[in-house]
Amino acid sequence: MQNEETNTADQTKTPSFTSSRQRQVVIRIGLFAFIAAVMFVLTHRIESLTYQNYIRDVKLTSTVRLIEVRERLQSTLFDRIMDLNELAAVIGENPQINQTEFNLKAVDFMLENPEVRSLVAAPNQIATMVFPKSEQKGILGVDYRVRRALNNQIEAALRADEGLINGPVNLATGGRGLILSKPVYDNTSPGPGHPWGMLSVVLDYDKLMNKVGFPEFETKFNMLISQVQPTGPFSQQVLFGDIAVLDQNPIRLSLNLPFGQWQLAATPEGGWPLHRPNHITRWALRSLAMGACLLALWYVMRLFDTRRRAEKQLSVGIEALDHGFVMFDADRRLVAFNNKYKQLAGGSGMVRVGARYEDIVKANLRKKLIPDAIGREEEWYEEWSKRLHIKSSDKEQILADGRLIRAYDRPMEDGSVVGLRIDITDLKKAQIAAEAANKAKTDFMGVLSHELRTPLTVILGHAKLAKNMRSLPSYRKLMAEIEEHPDLKDDIQPKLDVMTDQVAKMMETLERSGNHLFTLISEILDFAKVDSGTLSMDMADTNAARIAEPVIDQMRPMIEEKGLTLEVSTPDLALNADDKRIQQILINLIGNATKFTDEGKITLDVSQTEESVLFRVTDSGIGIPEEHLGRVFEAFHQVDNSSGRKYGGTGLGLAISRDIARAHGGDLIATSVEGQGSSFILSLPLPSAQPGDDTGADEIEAMVA
């Protein structure tokens, strides 16, 4: 009964507890939402006010820059217009001016105004005087009155006694021009003057704009220079920019020019900014700040639960490791460990939180739990403790029960140390077994190769004897008996010769295949020696010519039989090397070059650098594909490893050759272009260089580069 009542009470309490937790979560979420809303509204208001101030500053800065440009443009145009008015007044006092007089006036005018391209005088609205003629030759004789739009502008200008500004216009001589036109009145008669015609000045538009500084300003602003109100039924004159700028809330400045009412308008390139610079970044930072505040509040409430869960998860994670885990603080006191570590390193019973690293190790030493340290405990401890001061340290250790562990310790920035203890007993046994198997394989290959060479030598000897059957005593005896029976000689002799030739060809084929098999067996034997480290070198003072000449004599018939050319350059350079082994390398390289070359030539060139003698074997054969070039020195590697490949071999020759070269302190490298040929460079150190010095490799790599 009591248990039933307890269960009932628990069941009643659990829904109530759950409901309370849910209410707390709802209240907490509502509070966070209200705080977030208030912070957002305040932030938005602050951003709006700062944006308004920013726009005012931008417009003020832009207006100051625009005023500077306006003043330069206004001053420049005003000066040109005043000079034009002065020239118009001169012509008004001398309405009978001829071309020569006009030219003189024009020259003075252009000297004072370098932006002027040309001047045109049009009495009675007919262009009769132009300077220079080369600039406006096509305008001579043009009657402005037949051009309605132009004539209307001129008539309006004459009535109002105001000038005209037109442009930019494309000039026949190239470039663009800005045209300033001024009505001219004949002032020689008493009373008010009557219209004489028009005087026009063509300014170099681009030069004028550069002088004013428009190109520099245009990279940052969209600009417009236009009339405020065109007089009469004429369209609005635009000297610079696009009229659409007026629809972009531009800065407007008036241009005080004698010819009409003009304005200068501008907006920043791309329009006025909708936000302050780094608007998104600031909002992101504000959002992060608001989020950080909310998270901080939430974190404070959840800190205890989170920390407790984290500690539990860390403990479970450490225990889940298959290896021993340990952590020491900066004072080398045990902070955390798992049971696996305690099993591997806790034989002394000292493994517990707060224990000092030194005490744990020394307790194990006192109990003789570390076989490697018996009899030299202090020395062993000094060596072992130094590991904790090394950035990355690994060390193997044998335990009292015979197990082998590898200890990894990594110091951290705060001085603490994290370590792993991995049981590598099985791995070590597998490694020893693999090394033993590899040695057995190497020994077997050596014995097998040696045992195969003995009968093969006998076979090749008998094949050579059979190939030269006519020199055998039995054959000569048979021939002598045939000679004793002349009546049978003519019948038996031809048949015997045919049989003898056939046997010789068969033996020649047998000998060639046997020699190839002998080479393969020798390569396998050499590879076994290299693999086991028993390949010996009979080093002696020699020279390059002594090494190379026997190889050339041996290989030349095979090369020429294939129709190839052999080029040799073998100077007498001193070396300290094993002649036979170096000849073995050269025979392999030249043999490969011959095998993979169908036409062209093979070159053997010997040269000397500061530290090495270089043997370079070059061919014009099929070359080596780029993806195989880096692997040609790998044992048993074949570029074509298909069952029906054209070229045979074990794939050991280059691997053995490079090992021999490196045993001499040199190296062997290859370069190739597929379809064009290959080049193998053997480097051997000069007698003064020590074996193992890789200077030769560096030099031939530099030569290849």
Side-chain angles (χ1 to χ4, degrees), residues 519 523 526-527 530 544 547-552 554-556 558-559 562 564-571 573 575 577-598 600-609 612-640 647-685 694-705:
T519 301
E523 287 183 349
D526 285 341
F527 179 73
V530 170
I547 293 174
E549 287 173 359
V551 176
I552 298 303
Q554 178 181 343
M555 303 300 294
R556 187 183 295 276
M558 180 181 68
I559 296 172
K562 199 171 180 182
L564 303 174
T565 302
L566 176 62
E567 296 182 359
V568 180
S569 174
T570 56
L573 302 176
L575 282 171
D578 186 332
D579 288 13
K580 298 299 181 183
R581 291 299 183 183
I582 302 304
Q583 289 171 355
Q584 179 182 348
I585 297 175
L586 296 179
I587 290 173
N588 182 270
L589 296 180
I590 297 176
N592 285 347
T594 306
K595 179 167 60 174
F596 295 108
T597 304
D598 295 328
K601 65 179 180 179
I602 296 172
T603 303
L604 171 60
D605 179 70
V606 182
S607 60
Q608 180 175 323
T609 65
S612 304
V613 174
L614 304 181
F615 294 79
R616 183 192 297 267
V617 178
T618 306
D619 63 66
S620 57
I622 61 176
I624 304 171
E626 184 177 355
E627 63 271 18
H628 289 276
L629 187 60
R631 301 184 58 196
V632 294
F633 295 106
E634 294 180 5
F636 304 107
H637 177 72
Q638 299 276 0
V639 174
D640 180 9
Y647 307 102
T650 61
L652 292 175
L654 289 177
I656 296 171
S657 297
R658 187 173 67 171
D659 287 333
I660 293 174
R662 290 181 174 177
H664 280 75
D667 205 352
L668 179 63
I669 68 171
T671 61
S672 181
V673 177
E674 188 174 6
Q676 298 182 19
S678 304
S679 180
F680 287 80
I681 304 175
L682 167 66
S683 70
L684 297 175
D694 61 354
T695 306
D698 295 339
E699 290 185 355
I700 58 176
E701 289 178 2
M703 290 179 62
V704 171

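It should be emphasised that the depicted structure is a prediction, and the values quoted were computed from it without experimental measurement. Heavy-atom basis, side chains included; hydrogens, waters and symmetry copies ignored.
The backbone N or O of R581 lies less than 3.5 Å from no partner atom in the side chain of H664, so there is not a single donor-acceptor pair. Using a distance-only test at 3.5 Å, with no hydrogens or angles considered, no donor-acceptor pair links the side chain of K601 to the main chain of L564. The closest donor-acceptor contact from the side chain of S683 to the backbone of S612 lies at 3.5 Å or more, if one exists at all. Between the side chain of K595 and the backbone N or O of I590, no donor-acceptor pair lies under 3.5 Å.
With a 6.0 Å radius and a threshold of 12 heavy atoms from other residues, nucleotides or ligands, E627 has its CD atom above the threshold.
Comment: D667 engages R662 in a salt bridge, judged by a side-chain N to carboxylate O separation of less than 4.0 angstrom.
Counting only heavy atoms from C-beta outward, the side chains of Q584 and S657 never approach each other to under 4.5 Å. Between T609 and L614 the shortest side-chain heavy-atom distance falls below 4.5 Å. With contacts defined as side-chain heavy-atom distances shorter than 4.5 Å, the pair P550/Q583 qualifies. Taking the side chain as every heavy atom from C-beta outward, L586 and F615 approach each other to under 4.5 Å.
Closest approach of T594 and I559 over heavy atoms only: OG1-CG1, 3.4 Å. Across all non-hydrogen atoms, the minimal contact from G600 to S620 is CA-OG, 3.3 Å. In terms of heavy-atom proximity, R658 sits nearest to L668 at CD-O, 3.8 Å. Nearest heavy atom pair, residue T597 against residue K562, reads O-NZ, 3.0 Å.
With T570 as the fixed residue, the side-chain contact (heavy atoms from CB on, under 4.5 Å) test singles out one of I547, D605, V606: V606. Across I587, L589, N588, a single residue satisfies side-chain contact (heavy atoms from CB on, under 4.5 Å) together with I585, and that is L589.
Residues passing the side chain to side chain contact (heavy atoms under 4.5 Å, CB included) test with S672 are I624, L629, S678, sequence neighbours excluded.
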Side chain to side chain contact (heavy atoms under 4.5 Å, CB included), that's the test. Do T618 and I602 meet it? Break it down for me.
CA-CA 6 Å; T618 306; I602 296 172; over 6 Å; no
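Rounding to the nearest 0.5 angstrom, the gap separating the CG atom in L566 from the OG1 atom in T603 is 7.5 Å. Rounded to the nearest 0.5 angstrom, L654 CG and I656 CD1 are separated by 9.5 Å.
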